[in-house]
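These values consider heavy atoms only, across backbone and side chains, with no hydrogens, waters or symmetry-generated copies.
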Amino acid sequence: MATVLEPESDFTTLPEMPADVFTAPLKKPDHLDDDWLEPKQATYDSDQDTIWDDLFNRQMDVLPGLAASAFMQGTEKLDLGKGGVPDFGRISEELDALTGWSVVPVPMLIPDHVFFWHLANRRFPAGNFIRTRETFDYIQEPDVFHDVFGHVPMLTDPTYADYMQEYGKAGWKAMRYNRLKALGALYWYTVEFGLMLEGDDIRAYGAGILSGPTEAVFSVKADSPNRIMLNVDRVMRTDYVISDLQPTYFVIESFEDLYRQTVERDFDRLYRNLSPAFTYANSAVIDVDNVVHRGTQEYLLRGGRGSGAEAV
């Protein structure tokens, strides 16, 4: 994934983004530098701390038996349930001792090239705000709960932590080929919505699953979605759903397997042959798939979240 780097891409400083690379235009707030980092973590009031506590307790009631062991162990190592929104400085000290990572505050979604740069330097950008009671069950832009609760515990696992750094480095190669959508699909189906084998069971390690109660159960237990063993070339050609439960989840054997399939692969030839658009629908099962569970797609066929369909 990142075995071949251009000489200027040493990531000690933010590399220049080529003019012919196509990315989403985001307006940088005036008080931020080019790294998009907030000067400090936000101060949360008692109501906001209570929202964190309620979200945390709800997820911890659901996740045992559904979440990957590495995630459950990570929440304990970082003591994320000690009360209120965690202090980034404290978490960063503990993460640094474990895997060399830190957590840094950003105001919103940040540009792709800046996000990749932070990951390449083992910094995880976390939203500097928390959802309201009105958006308690679903928020479209990732907040501090999604980012810190969903993502950060996984960074306590050394192999997964290395994968995330290499993903950041790989982002620059994807940009040079204008294949960010393809690399984004890999992130979506691993970092956000990945499943893994643990013995005879399937467990979730993706932050998008772990930070919401419905998808935690749906992804692991429901009959509707497909569960297919990860094939990187296939995943990078596969569309995904942003605002609903996934019709398909991809399963890894281990984090070592994930690392081997991605970091140890040279993506230049793949990027040269990828179409700018996705090849496969998010519900598709194709002939090369190693299928763990072929879903009924009942939830999707009944219309999904907008129709009030049951997540079964």
Legend entry - From OG1 (Thr248) to NE2 (His293), nearest 0.5 Å: 10.0 Å
Inset, instruction - In plain terms, say whether Lys77 and Asp79 are close enough for a salt bridge, that is, a side-chain N and a carboxylate O under 4.0 Å apart. - result: no
Inset, instruction - Determine, for Phe267 and Arg265, whether the Lys NZ or Arg CZ falls below 6.0 Å from the six-membered ring centre while staying within 45 degrees of the axis. - result: yes
Legend entry - Sidechain N-carboxylate O distance under 4.0 Å for Asp239, Lys181: no
Inset, instruction - Run the numbers on Arg133 and Asp54 for salt bridge (Lys or Arg N to Asp or Glu O under 4.0 Å), then give the verdict. - result: CA-CA 10 Å; Arg133 286 290 173 187; Asp54 291 347; 2.6 Å; yes
Inset, instruction - First locate atom CE of Met175, then atom CG of Leu180, and finally report the distance between them rounded to the nearest 0.5 Å. - result: 6.0 Å
Legend entry - Test side chain to side chain donor-acceptor pair (under 3.5 Å) applied to Thr135 - qualifying residues, sequence neighbours left out: Thr132
Inset, instruction - Could you label the plane-to-plane angle of the Phe193 and Tyr249 rings as parallel, tilted or perpendicular, counting under 30° as parallel and over 60° as perpendicular? - result: tilted
Inset, instruction - Go through the steps to decide whether Ser69 and Glu198 satisfy the test side chain to side chain donor-acceptor pair (under 3.5 Å), and finish with yes or no. - result: CA-CA 8 Å; Ser69 298; Glu198 288 195 359; 2.9 Å; yes
Legend entry - Leu98 reachable from Leu80 in the ILVMFWY side-chain graph, under 4.5 Å edges: no
Inset, instruction - Under the salt bridge (Lys or Arg N to Asp or Glu O under 4.0 Å) rule, what do Lys169 and Glu166 come out as? Steps first, then yes or no, please. - result: CA-CA 5 Å; Lys169 294 178 181 178; Glu166 295 298 333; 3.6 Å; yes
Inset, instruction - Establish, yes or no, whether a centroid distance under 6.0 Å links the rings of Phe124 and His151. - result: yes
Inset, instruction - Go through the structure and list residues passing ring-ring contact (aromatic ring centres under 6.0 Å, His included) with Tyr177, not counting sequence neighbours. - result: Tyr271
Inset, instruction - Measure the CG-CZ distance between Asp289 and Arg294 for me, rounded to the nearest 0.5 Å. - result: 9.0 Å
Legend entry - Any donor-acceptor N or O pair under 3.5 Å, side chains Asp157, Tyr205: no
Inset, instruction - To the nearest 0.5 angstrom, please state how far the NZ atom of Lys28 sits from the CG atom of Asp33. - result: 6.5 Å
Legend entry - For Val21 against Asn178, the heavy-atom pair lying closest together: CA-OD1, 3.4 Å
Inset, instruction - Determine the minimum heavy-atom distance between Val148 and Pro86, stating which atoms define it. - result: CG1-CG, 4.2 Å
Legend entry - Stepwise side chain to side chain donor-acceptor pair (under 3.5 Å) test for Trp188 and Gln246: CA-CA 10 Å; Trp188 193 262; Gln246 302 303 306; 3.1 Å; yes
Inset, instruction - Return each pair, listed once, that meets salt bridge (Lys or Arg N to Asp or Glu O under 4.0 Å) where at least one residue sits in residues 298-312; pairs must be two or more places apart or across chains. - result: Glu298-Arg302
Inset, instruction - For side chain to side chain donor-acceptor pair (under 3.5 Å), just list the numbers for His146 and Glu141, CA-CA rounded to whole Å, side-chain angles, deciding distance to a tenth of an Å, and then say yes or no. - result: CA-CA 9 Å; His146 170 85; Glu141 186 173 347; over 6 Å; no
Inset, instruction - Starting at OG1 of Thr159, measure out to CG of Asp257 and round the result to the nearest 0.5 Å. - result: 11.5 Å
Inset, instruction - Applying salt bridge (Lys or Arg N to Asp or Glu O under 4.0 Å), name anything that partners Asp223, two or more places apart in sequence or on another chain. - result: none
Inset, instruction - Start with the C-alpha gap between Tyr163 and Gln261, add the side-chain angles, then the distance that decides, and say whether side chain to side chain donor-acceptor pair (under 3.5 Å) holds. - result: CA-CA 10 Å; Tyr163 168 74; Gln261 287 200 54; over 6 Å; no
Inset, instruction - Assess whether salt bridge (Lys or Arg N to Asp or Glu O under 4.0 Å) is satisfied between Asp61 and Arg58, documenting all intermediate values. - result: CA-CA 5 Å; Asp61 285 342; Arg58 181 176 70 170; over 6 Å; no
Legend entry - Non-neighbouring partners of Arg122 that pass salt bridge (Lys or Arg N to Asp or Glu O under 4.0 Å), sequence neighbours left out: Asp162
Legend entry - ring-ring contact (aromatic ring centres under 6.0 Å, His included) contacts in which one or both residues fall within residues 47-67, not counting sequence neighbours: Trp52-Phe145, Phe56-Phe149
